[in-house]
Amino acid sequence: MKSIIVNIGNSNIRFGLFDDDNCDISWVINTKPYRTSDEMQAQFMMLYQTHRIEPQLIDRIIIGSVVPQLTHEISQALKKIHGKKPIVVDRNTPSEVPMKSQQMGTDIYANLVAAHKLYPDKTKIIIDFGTALTVSCIRADGDTVGVIIAPGIITSLKSLVGETAQLPEIELTKPKSVLGLDTETCMQSGMVYGYLGMVEGFIQRINAEVQDDCFVIATGGVSHIYKPLTEQIHIADRLHTLKGLYFLGMNSD
């Protein structure tokens, strides 16, 4: 069974083509500027052609969103392309993870669901390096312990550059040294090692609070930068949230 999974985030919209529960192809487009359903239909069709996806061969479309104003437009665009109504999942969609908060975002809930499904018998921490940096924790029995929300790395970097007169835009990558003498290295160190220190601090404090050595999953657009720099992150998976949306969509039949 082939499925198109769509994760609508504040900065990016990530698509995944799933063959059963394996994601074969994934691509990302910018969330902004906002577009009409007709514009998105045209853009989606071009991407389908690029990836050689035949709309009529897709059995289901599953959407998760944290941008309510885009959910309807994208749903309508995909309905026109596929001739079937997409399944929209959220924190109220039934799963093996009981929903404990009416304020929980769909992406966080999907992260918890994927972690519970993919890594059973462990207490898990999921770190999502998105527009916001979110850290969530779930016990082996599916009980959600709680969530942390902090400003995201790219969000902070844009604010830093936008609010200063002389700091340039930089590539977010591991700097050549922790202490720098050129502006680029200084900024890279602050963004990479500053956030790494915060993430490691979160992990250590959560482990102490839950009295366990949690299995740590990193996801989100820049997770690949931080995974090689610490032994406290056990696996990086950019598709983790999409997998959670897939599992939620399967439960909503």
Side-chain angles (χ1 to χ4, degrees), residues 3-16 18 20-21 23 31 60-72 74-75 78 85-152 199 202-203 205-207 209-212 214-220 223 234-235 237-253:
S3 307
I4 291 288
I5 315 299
V6 187
N7 180 25
I8 306 172
N10 289 294
S11 299
N12 296 311
I13 303 168
R14 182 177 285 275
F15 289 74
F18 279 67
D20 291 328
D21 56 359
C23 186
T31 300
R60 72 183 70 213
I61 309 102
I62 299 168
I63 297 175
S65 175
V66 295
V67 189
Q69 60 266 43
L70 274 181
T71 309
H72 176 74
I74 291 177
S75 181
L78 291 170
K85 185 178 180 181
I87 301 167
V88 179
V89 299
D90 58 23
R91 59 177 171 262
N92 295 308
T93 302
S95 80
E96 296 177 355
V97 178
M99 192 274 296
K100 294 182 69 174
S101 171
Q102 285 294 339
Q103 297 180 333
M104 183 177 288
T106 301
D107 52 350
I108 295 174
Y109 187 51
N111 283 337
L112 292 167
V113 169
H116 183 63
K117 182 79 171 179
L118 296 171
Y119 310 101
D121 305 323
K122 299 178 181 178
T123 303
K124 282 84 61 175
I125 295 172
I126 309 96
I127 304 168
D128 194 337
F129 292 87
T131 306
L133 174 73
T134 64
V135 184
S136 47
C137 182
I138 181 171
R139 297 189 188 275
D141 63 0
D143 180 53
T144 300
V145 183
V147 179
I148 299 168
I149 300 177
V199 165
F202 284 154
I203 294 169
R205 288 177 181 273
I206 293 171
N207 282 340
E209 188 165 299
V210 302
Q211 298 182 336
D212 203 343
C214 297
F215 183 77
V216 181
I217 307 141
T219 190
S223 55
H234 299 107
I235 189 168
D237 182 1
R238 290 191 188 183
L239 304 179
H240 184 82
T241 311
L242 280 183
K243 293 173 183 176
L245 296 176
Y246 171 82
F247 295 137
L248 284 170
M250 295 300 103
N251 288 341
S252 64
D253 284 346

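For the numbers below, each heavy atom of this structure counts, side chains included, while hydrogens, waters and symmetry mates do not.
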#### Entry: Residue that, paired with I63, satisfies side chain to side chain contact (heavy atoms under 4.5 Å, CB included) out of I87, L78, T106
L78
### Task
Nearest 0.5 Å please: distance from the CD1 atom of I235 over to the CD1 atom of I126.
12.5 Å
### Task
Assess the side chains of T131 and N10: does a donor N or O sit below 3.5 Å from an acceptor N or O?
no
### Query
Does CD belonging to Q211 count more than 12 external heavy atoms closer than 6.0 Å?
no
### Task
Please answer whether the main-chain N or O of C214 pairs with a side-chain N or O of D212 as donor and acceptor at a distance below 3.5 Å.
no
### Query
Sub-3.5 Å donor-acceptor pair from the side chain of S95 to the main-chain atoms of V97, do we have one?
yes
### Task
Considering non-hydrogen atoms only, spot the tightest contact between V6 and I4 and give its length.
CG2-CG2, 4.0 Å
Do any side-chain atoms of residues 132-150 form donor-acceptor pairs under 3.5 angstrom with protein atoms, and if so which ones, sequence neighbours left out?
| unit_1 | atom_1 | unit_2 | atom_2 | d |
| --- | --- | --- | --- | --- |
| D141 | OD1 | D143 | N | 3.0 |
| D143 | OD1 | K100 | NZ | 3.1 |

### Message
Please check: side-chain N/O of T241 versus main-chain N/O of N111, any donor-acceptor pairing under 3.5 Å?
### Response
no
### Task
Can you measure from CD1 (I61) to CD1 (I74) and round to the nearest 0.5 angstrom?
13.0 Å
### Distance-minimising heavy-atom pair for R238 and R14
O-NE, 4.1 Å
### Task
Look at the rings of F215 and Y119 and say which category their plane angle falls in: under 30° parallel, 30 to 60° tilted, over 60° perpendicular.
tilted
#### Entry: Pairwise distance CD1(I108) to CD(Q103) - rounded to 0.5 angstrom
11.0 Å
#### Entry: Nearest non-hydrogen partners of F15 and I13, listed with the distance
CE1-CG2, 3.6 Å
### Spacing of I206 atom CD1 and I127 atom CD1 [to the nearest 0.5 Å]
7.5 Å
### Task
Identify whether NZ of Lys or CZ of Arg in K117 sits under 6.0 Å from the centre of the six-membered ring of F247 and within 45° of that ring's axis.
yes
### Task
Enter the distance from C23:SG to Y246:OH here, rounded to the nearest 0.5 Å.
11.0 Å
### Summary
Output for pair (K243 NZ, L245 CG), nearest 0.5 Å, gives 12.5 Å
### Message
Within the 4.5 Å heavy-atom criterion, are F202 and I125 side-chain neighbours or not?
### Response
no
